[in-house]
Structures are given as C-alpha cells and as structure tokens.
Amino acid sequence: MCRNIKTLFNFEPPATEDEIHASAIQFVRKLSGFNKPSQANEAAFDLAVVEVSEAARKLLTSLLTHAPTRDREVEAEKARERSRLRFG
C-alpha cells in the first residue's frame with residue numbers, strides 16, 4: 001500500500017473532497033507507475049482519478065461502524081510518535 005494514502009473513514013470532521021481527490025491521485029499514480037503521465041496518457045490518467053474519487057466517495061458514505069469517530073489531531077500525534085520511535 002502506498003504510504004501517502006491515508007485512512008479517510010470514521011474521522012471527525014469527515015474527509016473533504018480535496019482529501020478524497022488527493023488519495024485518488026496517489027492510488028492512480030501507484031497503479032500506473034506515473035508520477036505525471038505523458039500527454040498520450042494524460043486523458044486516461046485524469047479519467048481514472050475522477051472514477052477512483054467517485055468510488056472512494058461512494059465507499060466512504062456507505063460504510064457503517066459502531067466505533068467512535070476518531071479525532072484527526074489525536075491520530076496525527078500518534079503518527080508523529082510512531083515516526084519518532086521509528087526514525088529517532
């Protein structure tokens with residue numbers, strides 16, 4: 001899994017359109033192997049980003065959980081602590 005793709009489900013506040021779009025770009029980049037596609041592949045790349053964004057949005061709105069929502073800042077601090085432990 002690409003490390004730049006972040007979990008977007010069950011957060012307060014919910015994921016924004018920008019976050020969903022950014023995760024779609026990262027996913028399509030990972031699948032295609034292109035950081036920036038050539039002109040010949042740009043239309044296919046852009047269409048894939050739109051379709052993945054739509055699929056992600058549908059997924060996020062249809063998922064259910066009984067777990068309490070997570071706080072973005074608390075989760076970010078946990079990630080920073082894991083990074084400090086890992087990299088010193």
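Nothing fancy with the numbering, it's 1 onward along the sequence. For the numbers below, each heavy atom of this structure counts, side chains included, while hydrogens, waters and symmetry mates do not.
Distance check, rounded to the nearest 0.5 Å: CD of Glu42 to CG of Leu47 gives 12.5 Å. Distance check, rounded to the nearest 0.5 Å: CD of Glu12 to CD of Glu73 gives 14.5 Å.
Checked against side chain to side chain contact (heavy atoms under 4.5 Å, CB included), Ser38 has the following partners two or more places apart in sequence or in another chain: Ala40, Asn41. Legend: residues meeting salt bridge (charged side-chain N to carboxylate O under 4.0 Å, His left out) with Glu19, ordered by chain and number and at least two apart, are Arg72. Not counting sequence neighbours, the partners of Ala67 by the side chain to side chain contact (heavy atoms under 4.5 Å, CB included) test are Asn10, Thr65. Evaluation of the side chain to side chain contact (heavy atoms under 4.5 Å, CB included) rule for Arg82 yields Lys78, Ala79 as partners, not counting sequence neighbours. Contacts of Arg70 classified as salt bridge (charged side-chain N to carboxylate O under 4.0 Å, His left out), with partners at least two apart in sequence or in another chain: none.
Think of Phe9 as one node in a network of Ile, Leu, Val, Met, Phe, Trp and Tyr side chains linked at under 4.5 Å; its network also takes in Leu8, Ile20, Leu59, Leu60, Leu63.
Taking all atoms of both residues into account, the shortest heavy-atom contact from Phe45 to Phe34 is CE1-O, 4.0 Å.
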Arg80 vs Glu77, salt bridge (Lys or Arg N to Asp or Glu O under 4.0 Å): CA-CA, chis, key distance, verdict: CA-CA 5 Å; Arg80 286 189 287 273; Glu77 183 53 40; 3.1 Å; yes

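Side-chain heavy atoms closer than 4.5 Å link hydrophobic residues (I, L, V, M, F, W, Y) into clusters, and following such links, even through other members, never connects Val50 to Ile25.
A salt bridge links Arg84 with Glu81: the closest approach of a Lys/Arg side-chain nitrogen to an acidic carboxylate oxygen falls below 4.0 angstrom.
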